[in-house]
Amino acid sequence: MDTDQIITAFPELCNIRRVETPSGQKFVFMALREGVDVVLKVIRPYRGAAERADREILAGNILCSSYVPAILDHGVRNIGGCEMRYILESFINGETLERKLAAQPTQPLDFVLRLTSALLCACRDFEAVSIVHRDIKPGNLIIDPGGKVWVIDFGIARHLEMPSLTGTGGPGLGTWGYAAPEQFRNMKSKINGRADLFSVGIVAYEALTGGHPFARYRDNPLVLLRKMEGEDVPPPAPAAGDDGRFADFICQLAQRYPSRRPQTANDALAWFGPIYNDLRIR
Amino acid sequence: MKMYLQFGHGMMEHARVLLSSWSDSGVILSPRDLTESQMVRLAADIRERRAEPLLDPQCFARDADHPRLTEHRYWQVVKSQSTGAFTGGAGTAALLSELAQLGNSLGVSRHILPGCLAPTVGEDWFLMQESILDEASGHYGGAPLIMTIALGAEAMSSEEQIEAVVERCSGWDVSAIYLVAETPSPYLTDSPTWLANLLLLSSGIKLAGKEVIVGYSNHQMLCLGAANVDIVASGTWLNVRAFPPEKFYQTEDDSISRRATWYYCPQALSEYKIPFLDIAHRTGVLSQMRSPAAIGSHYADILFGGAVPTSVSWSETNAFRHYLTCLRSQVLAIKRGSFADTVSVINMSLDDAEALLRNLRRVGVMGQDRDFHEYVDVVRSAMVQFASAREARLSRAWG
C-alpha cells in the first residue's frame with residue numbers, strides 16, 4: 001500500500017508517512033490532523049480482520065483509561081479500490097520500552113516501580129470493562145517524554161463478555177515469552193485479567209534485571225514455552241534499593257499457574273502499593 | 001482449624017464419648033459402616049452433643065460393591081441407573097433426591113454432594129462433577145452444599161492437575177469442598193510431592209473463598225494448618241486416617257481389628273507398639289513420651305504409672321481415644337494469627353519431634369513404620385514447595 005492511496009482516501013490528513021511495524025495485520029501511518037499528530041492504522045483484509053478491528057475499536061471506545069491513546073475516528077474507506085477498515089488514534093510521542101531496553105537493558109529501580117504501577121493501573125482499567133489486552137510487551141508500551149507509560153495495540157484484545165474470535169484447541173494468540181501459559185495454550189476458561197498480570201510481571205522482570213527470565217531459550221520458541229509452563233521464574237536478585245519485596249512481587253505476578261498470581265489488578269495494586277510507597281520514599 | 005471424626009468401623013461409642021467433651025466438632029458419617037437407622041440414631045446423638053453431623057455419600061466408584069454401602073437406598077439408585085447416576089439427567093436427579101431425603105432425616109444442616117474418584121483429572125471428570133452440581137440446586141431447598149473432590153494417587157502427584165482442579169472448582173457454586181485424596185502408601189506418605197500437592201490444592205480452594213474439609217486425615221496432615229484448612233477429619237483405624245478407595249469393595253474386610261495396639265506420642269508425632277514402651281521404661285526415657293498435660297488426654301495415664309507398660313492392661317479403645325484426643329488438641333493449636341506464625345509453629349513441632357526421636361531411637365525406642373523420623377523431612381520439603389507457591393497470597397488473605 002502506498003502513501004498516495006492514503007492521501008486520496010484521507011483528504012483531512014496531511015504530512016502522511018508510512019511507519020514500518022512488525023505487525024502483519026495492519027499498515028501504520030503517521031499524519032497530521034488539524035495540526036495534531038495522529039496515527040492511522042489501516043487493517044489488512046485478512047480472514048477475520050473486520051471482527052478483530054471491531055473488537056479493537058470496541059476496546060478503545062469502552063475503555064476509560066488514561067494509559068491508552070484515544071481513538072479519534074474509525075470506519076471503512078475505499079483505499080486503492082478496496083474497502084478497508086481503519087482506526088485513527090492520538091499519536092503518543094515517545095519511545096517504546098523495547099527501544100529503551102535495547103539502549104539500556106537494566107533500568108533503575110525507580111523507573112521499574114513507576115512502570116509496574118502504571119501497568120497495573122492500566123490493567124485495572126481493562127478489567128473494569130472485562131477486557132484482556134493479551135499482548136502486553138515492551139514493543140507495545142510507549143514511554144513519553146514526561147515518563148508517562150502508554151499501552152498500545154489492542155489488536156488481539158479479548159472482551160470476556162463476548163464470544164471468542166478464535167477456536168478452542170489450537171495455539172493461543174500473543175507473543176511468545178510474554179503471554180501467560182494459559183494464554184499460549186489457549187485455555188479459554190482460564191484466561192482473564194490474570195494473563196495480563198503475568199505479562200506485566202515478565203516486562204517488569206526484564207526491565208529490572210536487564211534480561212527476560214528465560215532469555216537463553218528465546219531462540220527456540222518450543223523450548224521457551226515448555227520452560228515457561230514447567231518452571232517457576234528464577235527469582236531475580238533484588239535491585240539496589242529493593243529490600244527483596246519488589247523482586248518477590250514480580251515473581252508472584254509471573255507465576256506460571258494463574259491461581260498463584262494476584263487474582264485481579266486491584267488485588268495486585270493493593271499488594272504493590274506499600275512496596276511502591278516504601279521503596280520510592282527511599 | 002477444627003477436627004471432626006471420620007466415621008469408620010466400630011466408632012459409634014467412640015464418637016459419643018469423645019464428642020461429650022469436645023466443643024465445636026462434628027462427625028462425617030460413613031454409610032459403608034452404618035445402616036440408615038444407626039445413622040439416624042447416631043446423628044441425633046451427635047446433634048445432642050452440639051456437634052455437626054455430615055453425611056459422606058461415598059460415591060467414589062460406581063462399581064463399588066461393599067454390601068453395607070450398597071444396601072442403602074441411594075446406592076440402589078446408583079446401581080439401577082443404566083445411563084449412570086453421575087452424569088446428569090434423570091439418574092443424577094434420582095440419586096440426589098434420595099441423598100437429600102437421607103440427609104434431612106439425619107438432620108444435617110449442610111449436605112455433602114457425591115463426587116466420583118478421579119484417577120487422573122480431565123475434562124470428563126470435571127463435566128461429571130458439574131453435572132451433579134447443576135442438578136443439586138433443585139434438591140436441597142437452599143441448604144449449604146459441600147462438593148466432594150476425590151482424587152486418586154496419580155492425580156495427586158501432578159501439580160498441573162492439582163492446579164486445574166483449583167482453577168475449575170473456584171467457579172462452583174458451593175460453600176465448601178470435601179476433599180479426599182488417595183495416598184500412595186497405606187498410611188503416612190513418604191512423598192513430599194503428594195503432601196505439597198495436598199497443601200497446594202487445599203490452600204488454592206481456600207483462597208478461592210471456599211471452606212475446606214479434608215477427610216481421612218492423620219497427624220502428618222497437621223501441616224494443613226498452613227493451608228488455612230478449616231476442618232480435618234480423622235478416625236480410629238488406618239482406613240479412616242488415610243483414604244483407601246478399595247475399602248468400598250467387597251474384598252476389603254474389617255479384619256484390621258486383629259492389629260496391635262499403638263500408643264501415639266504427640267510430641268514425637270510417632271506411634272509405638274507397647275513393647276517399645278517397655279524399652280523406654282527400662283532406659284529411663286518413658287516420661288519423655290508422655291503426652292503433655294496441655295494436650296488433655298488421660299486415656300494413656302496408666303502406661304506412665306510406674307509399671308512396665310506391657311504389664312498393664314491398655315486397651316485398643318483407649319489407644320484410639322488417646323490418638324484422637326491428642327490429634328484434636330494439636331489441630332486446634334496449629335493455626336496462628338498469621339501465615340508466618342503458623343509455619344513457624346509447624347516447623348518448631350517438626351524440630352521438637354526430630355530432637356525427641358533422636359533421643360528415643362538412640363536408646364532403641366522405635367516406632368517402626370509409624371516412627372516419624374523418616375517423615376519429618378517429607379513434611380519440611382512439602383512445606384517449602386507449598387510456601388514458594390502460596391506464601392504471598394496466603395499471607396495477605398490470612399484470617
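Below, chain A is the first sequence line, B the second, and so on; all start at residue 1.
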> Could you walk me through whether B:R336 and B:S344 pass the side chain to side chain donor-acceptor pair (under 3.5 Å) check?
Replying inline: CA-CA 9 Å; B:R336 299 301 164 103; B:S344 179; over 6 Å; no

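- Between A:R185 and B:E160, no side-chain nitrogen of the basic residue sits less than 4.0 Å from a carboxylate oxygen of the acidic one, so the salt-bridge criterion is not met.
- Chain A forms more heavy-atom pairs under 4.5 Å with one residue of B:S203, B:A389, B:G204, B:S388 than with any other, namely B:A389.
- Residue contact with chain B, scored on non-hydrogen atoms closer than 4.5 Å, involves the backbone and the side chain of A:D267 alike.
- The part of A:R256 that comes within reach of chain B is its side chain, from C-beta onward, which places non-hydrogen atoms under 4.5 angstrom from that chain.
- A 4.5 Å side-chain heavy-atom check between B:Q220 and B:V378 finds at least one atom pair inside the cut-off.
- For the options B:R168, B:R390, B:E163, heavy-atom pairs under 4.5 Å to chain A are most numerous at B:E163.
- For A:Y178, the ring-ring contact (aromatic ring centres under 6.0 Å, His included) partners are A:H212, not counting sequence neighbours.
- At least one side-chain heavy atom of A:L141 sits less than 4.5 Å from a side-chain heavy atom of A:L119.
- Residues of residues 224-233 of chain A lying under 4.5 angstrom from chain B, judged on non-hydrogen atoms, do not exist.
- Side chain to side chain, A:Q263 and A:R194 meet the donor-acceptor criterion of an N or O pair below 3.5 Å.
- Using a 4.5 Å cut-off between heavy atoms, B:R393 contacts chain A through both its backbone and its side chain.
- Using bins of under 30°, 30° to 60° and over 60° for the plane-to-plane angle, the ring pair A:Y276/A:F272 lands in the tilted bin.
- A donor-acceptor distance shorter than 3.5 angstrom exists from the side chain of B:Q161 to the backbone of B:V121, with no hydrogens or angles considered.
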